[in-house]
Structures are given as C-alpha cells and as structure tokens.
Number of protein chains: 2
Amino acid sequence: MADAPTEFLKGTLDLMVLKTLSWAPAHGYGIARWIEQCTDDVLEVAEGSLYPALHKLEDEGLITAEWGITEHNRRAKFYRLTPAGKRKLAASHAYWSRFAGAVSKVLETSPASA
Amino acid sequence: MADAPTEFLKGTLDLMVLKTLSWAPAHGYGIARWIEQCTDDVLEVAEGSLYPALHKLEDEGLITAEWGITEHNRRAKFYRLTPAGKRKLAASHAYWSRFAGAVSKVLETSPASA
DNA sequence: GGTATATACCTCTGACTCCTAGGTAACACA
DNA sequence: TGTGTTACCTAGGAGTCAGAGGTATATACC
C-alpha cells in the first residue's frame, strides 16, 4: 500500500501480533515478515512500530520474552503468549469482528435503507 | 461497546463521515446519530472526535459547509461532499476493504497454512 | 412564566499510537 | 574485505481520539 499504509492500523497491530504468537513463539523480526507475507504485503510492519508494541505487550503481561537462537543461527528474543495474552486475544478478536462488521454496515448501506 | 470503544477507530471515522455524506448533506449531530443507529450502537461517535474531524475534512477540501435549518427548526451546519471528497471516499473505501481483508486473513489463518 | 429535555454547535488538553530516522551487531557469502 | 541479511533498539514528532467543559435555541410540560 503506497497510498495510506497506516490509515487504519490503530490497535490492529497488537491484535495481529498476539494472533501470530498464538501459533508458536516467535521473534520480532519473524512476526513482521510473517504478517507481511500472510497479507501479500498489504500490511507492512514498521520496526519502529513493532518493537515498542512488543515491549508494551510485555509490560502489560500479555507476552513474555526469552533470548534464544534462530534457525539462521542468530540471537533473537522469542516472545510467547501468556494466559492473559490469550484472553486478550480472544476479546480483541471478537471486538474486531464486531467493529469491522459495523464499519461494513455503514459502507454498504444505501440511502434507501436509511 | 463498553470494552474498547476506540480500539480500532483510527481513520475509519473520516471514512464513515464521507460515506454518510455521500447519500445526502447532513449536519454533525445527524451524522453521529445516523452512524450509531446504523450500527446498533456498536460504533459511538464522540462529539470531541467528530467536530474536529469535520473541520479537518473541510480544510482539506473534501467537504463544504453551509448554515441551514434542520427539520427540528434549529440552526445547523450542513456538510456536503465535494468532488475531491467523492474521490477520497472511493479510494478510502477500496483501501478499507483491502485492509480489513488482510487483517481477517491473519486472524483466520491456521498454523498449518503457515 | 419557568423548567427540563433534546437538539446542535464548539474547543482544550491529555493520552495514546504510529512512523521516520537513526543506530548497533553478528552471520553468510563472495 | 565488503555487502547483504538477519536481528535488535530508541528518540522525537506528527497525528488521532475522547473526556470534560462550555454555549445556545426550540419544544414540551407543568
């Protein structure tokens, strides 16, 4: 997205990070690459957004970090979902569905139905 | 939404305002009521968000304002979409669809498909 | 006539999120 | 030795949103 890469991002970054970690522990760089790949680069994850978000999630007790070695033999911090993180993910996912549905409703309603 | 009313709002307020105005000119108060009603109060539009947004859209030349009288016989500023606003609406709507689709993709992808 | 309610507008300020720009370091390969 | 990739990080500024507060008028009711 050259046009408006950040236009609607608010809040969804946290949600997608939590979702990605729900599959398996991962490090920041890997999370970013995965989200981009999964969305065919529709969503680009800036590092200047990702790392602060990761630290915030850790402060909130939603994820925990642990140093390890990647498959490329490099040091990396692996993040893992906590039980609180799983609950948060479920709640955020549910809210996202309601939110996106509501927005779609506005965007698809015709004058006549008003 | 008691939980997280603002969690994902970024950018979508402008989009929904433009969409609402694409049907007919309307005043701020009416726009807010309509969006809330249309979404069964999933989306609540705070006046502290709406009026600054309206002024910003006007500054950007996407909408124009004109004083008039409402059906309740009160003074109100009626906003109307400009040609630039219509183009912006089309672009934002398209981008929202791509964005929401991408987020859904992340949220619904299972570990196996990775 | 007085009061309450709904309609309709507005701004200030703080909290928050995001990105740009910059930096560090180690490994792989030519 | 140099280049590319992997991997981490922060500071600062820009932008968005909501809470709290304020103004004013029409209508309905007492």
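Throughout, a chain's letter reflects where its sequence line sits, starting with A, and its residues are numbered from 1. All figures in this text were calculated on a predicted structure; none of them were measured in a lab. Any value given below was found using the heavy atoms of this structure, including those in side chains, with hydrogens, waters and symmetry copies removed.
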Side chain proximity check, [X] to [Y], heavy atoms < 4.5 angstrom:
X	Y	answer
A:Tyr29	A:Tyr51	yes
A:Glu66	A:Tyr79	no
A:Ile69	A:Arg74	no

- request: Check DNA chain C against residues 59-74 of chain A and give the residues with a non-hydrogen atom under 4.0 Å, in numerical order.
  value: A:Asn73, A:Arg74
For [X], check side chain to side chain contact (heavy atoms under 4.5 Å, CB included) against everything at least two apart and list the hits.
X	answer
A:Phe78	A:His27, A:Thr70, A:Ala76
B:Thr82	B:Thr64, B:Ala84
B:Ser97	B:His93

[X] [atom1] - [N] [atom2] separation (whole Å):
X	N	atom1	atom2	value
A:Leu43	C:dC19	CG	P	10 Å
B:Lys56	D:dA18	NZ	P	13 Å
A:Leu50	C:dA21	CG	P	19 Å
B:Leu54	D:dC17	CG	C1'	15 Å
B:Phe78	C:dT7	CZ	C1'	12 Å
B:Arg33	C:dA8	CZ	C1'	10 Å
A:Glu58	D:dC9	CD	C1'	13 Å
A:Asp14	C:dT17	CG	P	7 Å

query: Are A:Asp14 and A:Lys56 close enough for a salt bridge, meaning some N to O gap below 4.0 Å?
result: yes
- prompt: Of the candidate nucleotides C:dA8, D:dA7, C:dT20, which contains the atom at the shortest distance from the side chain of B:Tyr29?
  reply: C:dA8
Check: B:Val45 main-chain N/O paired with B:Glu36 side-chain donor or acceptor under 3.5 Å: yes
query: Does the side chain of A:Lys77 get closer than 4.0 angstrom to OP1 or OP2 of D:dC9 through an N or O atom?
result: yes
Between the protein and nucleotides 11-14 of chain C, are there any N/O to N/O pairs under 3.5 Å, and if so, what are the atom names and distances?
from, atom 1, to, atom 2, distance (Å)
C:dT11, OP2, B:His55, ND1, 3.4

task: May I ask you to say what A:Gly30 touches in the nucleic acid, namely base, sugar-phosphate or nothing, with a heavy-atom cut-off under 4.0 Å?
output: nothing
task: Under the salt bridge (charged side-chain N to carboxylate O under 4.0 Å, His left out) rule, collect the residues that match up with A:Lys105, sequence neighbours excluded.
output: B:Asp40
